[in-house]
Number of protein chains: 2
Amino acid sequence: MERRRGAELETVLLDAAWDELMEVGYAQLTMESVAARAHTGKQVLYRRWRNRAELVVAAMRHHTGSIVDNVPDTGTLRDDVLGVLQRMADRFTTLGPDTIHGLMAEAPDLDPEVYRRMTGVMRTVVERAAARGEIPTADVPAQVLTAPTNLLRHEIFFTHEPVPSSILTSLVDDVFLPLVSGTPRRSG
Amino acid sequence: MERRRGAELETVLLDAAWDELMEVGYAQLTMESVAARAHTGKQVLYRRWRNRAELVVAAMRHHTGSIVDNVPDTGTLRDDVLGVLQRMADRFTTLGPDTIHGLMAEAPDLDPEVYRRMTGVMRTVVERAAARGEIPTADVPAQVLTAPTNLLRHEIFFTHEPVPSSILTSLVDDVFLPLVSGTPRRSG
DNA sequence: TCCGTAAGAGACGCAACGTCTCTAAGGAGC
DNA sequence: GCTCCTTAGAGACGTTGCGTCTCTTACGGA
């Protein structure tokens with residue numbers, strides 16, 4: 001019997017977890033089913049991850065690299081932000097809301113990190129736009145900076161159909177760009 | 001033995017579920033624990049609700065009435081919106097994120113209804129402001145209308161501490177009011 | 001060649017699910 | 001006031017999946 005070890009085994013485990021996630025979804029995914037799919041025992045899983053949630057998160061990380069790498073840089077703020085949103089939408093659509101909700105419920109310490117990353121991405125995009133002179137300043141309130149990604153995430157969480165692209169454009173054109181372009185201080 | 005029936009029994013059951021929810025949280029709440037607290041059997045619960053999620057939702061509804069009743073009407077748009085947000089924050093804070101995530105994971109068909117209600121509330125608030133002449137028009141894009149409540153909900157979902165009131169004011173002053181008051185069309 | 005680590009496999013006890021069964025309380029109808 | 005029918009109260013039951021524990025054995029390092 002060929003016995004897998006080290007990185008090779010780990011890849012097999014993570015792939016098994018990912019495949020199981022894609023086929024049956026998070027709610028139906030069990031440690032037993034992943035172990036069986038990888039032709040190994042549960043202990044091998046528990047030696048590496050403390051529970052289902054950690055295993056699935058690791059599988060997700062393994063399957064798709066970080067969003068933070070290669071921030072969109074199209075030359076216009078609008079397309080950059082749309083690019084960011086499009087990537088988020090694509091990514092979460094493949095996961096599906098049940099997986100997301102399940103993970104949120106079981107791995108509560110995990111989420112803040114995930115979404116704080118996007119703040120950095122948006123900051124980069126906005127700073128580039130300001131450097132181009134496209135917007136008056138990169139000094140944008142945090143709530144404005146994170147509004148598009150947060151609203152999209154909200155949409156993904158509460159909607160069970162894929163997010164239509166009209167929502168993405170509306171978030172950019174109706175919400176984000178007006179807030180950063182004019183930045184009209186209220187007269188009151 | 002006094003045997004409870006009908007509405008009286010139902011109230012006891014829902015109260016037991018609510019108390020259990022407040023004391024141990026959603027993850028630790030079991031049908032058995034609720035039944036025991038209500039001094040009854042599980043079958044009495046299952047005769048009324050199909051599962052844990054439905055029971056808890058019913059308990060929440062029973063404990064706190066709808067938000068839609070009495071929309072804030074303070075005379076200024078800013079205070080109205082702040083009032084709406086404050087109520088949302090209060091309500092969700094008593095529940096806690098684990099309960100919310102747990103419910104979302106187990107009762108996926110439930111959520112859209114809940115958050116579409118707030119759209120109606122915001123529409124009312126904005127229409128009143130337009131009628132007062134406080135803002136130029138009540139014809140506001142849907143994404144703008146729902147931005148504050150959605151962003152707050154997002155914040156509640158991803159944060160594990162209570163939402164500070166500075167976030168509420170920022171959502172109103174930095175995001176919402178600029179979008180509805182000037183509504184400056186971008187020059188480009 | 002020997003040894004120690006960990007893979008592969010599965011038994012185990014536990015917790016909670018949701019179903020099923022049983023007894024008896026207490027309204028409704030006569 | 002008696003009978004009947006619904007259903008409360010209680011808990012047994014089988015199932016599932018968790019996370020732990022145990023055992024044998026492959027294999028890489030010294």
Side-chain angles (χ1 to χ4, degrees), chain A residues 1-17 19-21 23-59 62 98-99 101-110, chain B residues 1-17 19-21 23-59 62 98-99 101-110:
Chain A
M1 179 56 161
E2 289 288 309
R3 188 171 278 191
R4 290 87 43 101
R5 308 188 127 252
E8 179 201 356
L9 175 59
E10 190 132 336
T11 296
V12 171
L13 300 176
L14 292 172
D15 286 346
D19 291 345
E20 194 71 10
L21 186 65
E23 279 186 27
V24 305
Y26 185 74
Q28 311 298 326
L29 179 147
T30 71
M31 296 302 258
E32 256 124 358
S33 68
V34 173
R37 186 186 275 264
H39 304 291
T40 185
K42 287 193 288 181
Q43 191 59 38
V44 173
L45 296 176
Y46 280 107
R47 234 189 301 270
R48 289 170 174 75
W49 303 281
R50 276 178 304 174
N51 49 50
R52 206 163 63 120
E54 286 195 7
L55 167 60
V56 170
V57 169
H62 180 255
D98 45 337
T99 295
H101 291 142
L103 276 180
M104 299 278 305
E106 289 182 27
D109 24 322
L110 168 83
Chain B
M1 179 57 159
E2 286 287 310
R3 188 171 276 192
R4 289 86 44 100
R5 308 187 127 253
E8 180 201 355
L9 175 59
E10 191 133 334
T11 297
V12 170
L13 299 176
L14 292 172
D15 286 347
D19 292 346
E20 194 70 11
L21 186 66
E23 280 185 28
V24 305
Y26 185 74
Q28 311 298 327
L29 177 147
T30 70
M31 296 302 257
E32 256 125 359
S33 67
V34 173
R37 186 186 275 265
H39 304 293
T40 184
K42 288 193 288 181
Q43 191 59 36
V44 173
L45 296 176
Y46 280 108
R47 233 190 300 270
R48 290 171 174 73
W49 303 281
R50 276 178 307 175
N51 50 48
R52 204 163 65 120
E54 287 195 6
L55 166 60
V56 169
V57 168
H62 180 254
D98 46 335
T99 294
H101 291 142
L103 276 181
M104 299 277 304
E106 290 182 26
D109 23 322
L110 169 84

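Note that the structure is predicted; figures quoted are calculated from it, not measured. Order of the sequence lines sets the chain letters (A, B, ...), proteins ahead of strands, with each chain counted from 1.
- Shown here are the side-chain contact (heavy atoms from CB on, under 4.5 Å) partners of B/R4, two or more places apart in sequence or in another chain: B/E8, B/L9, B/V12, B/H39, B/T40.
- Separating the CD atom of B/Q43 from the P atom of D/dT7 is a distance of 12 Å, rounded to the nearest angstrom.
- For A/Q28 and D/dG17, the CD to P distance is 8 Å, given to the nearest whole Å.
- Near-neighbour residues of DNA chain D inside residues 5-12 of chain B, defined by a heavy atom below 4.0 Å, number-ordered: B/R5, B/L9.
- In this structure, B/R4 does not reach the C/dA25 phosphate: none of its side-chain N or O atoms is under 4.0 Å from OP1 or OP2.
- For the pair A/H39 NE2 and C/dG10 C1', the computed distance is 16 Å after rounding to whole Å.
- Contact between the side-chain N/O atoms of A/R48 and the OP1/OP2 oxygens of C/dA7 is found at a separation under 4.0 Å.
- Residue A/R47 places no side-chain atom within donor-acceptor reach of the base of C/dA6, judged by atom type and a 3.5 Å distance cut-off alone.
- Looking at residues two or more places apart in sequence or on another chain, you find a side chain to side chain donor-acceptor pair (under 3.5 Å) between A/R37 and A/E20, A/E23.
- As a whole-Å value, the separation of B/E32 CD from C/dC14 P is 16 Å.
- Nearest to the side chain of B/V44, among C/dC17, D/dT20, D/dA8, sits D/dA8.
- On a pure distance criterion of 3.5 Å, a polar donor-acceptor pair joins the side chain of B/K42 and the base of C/dG18.
- Atom C1' of nucleotide D/dC18 and atom CG of A/L45 are separated by 13 Å, given to the nearest angstrom.
- Regarding A/N51, its CG atom lies at a distance of 11 Å from the C1' atom of D/dC18, rounded to whole Å.
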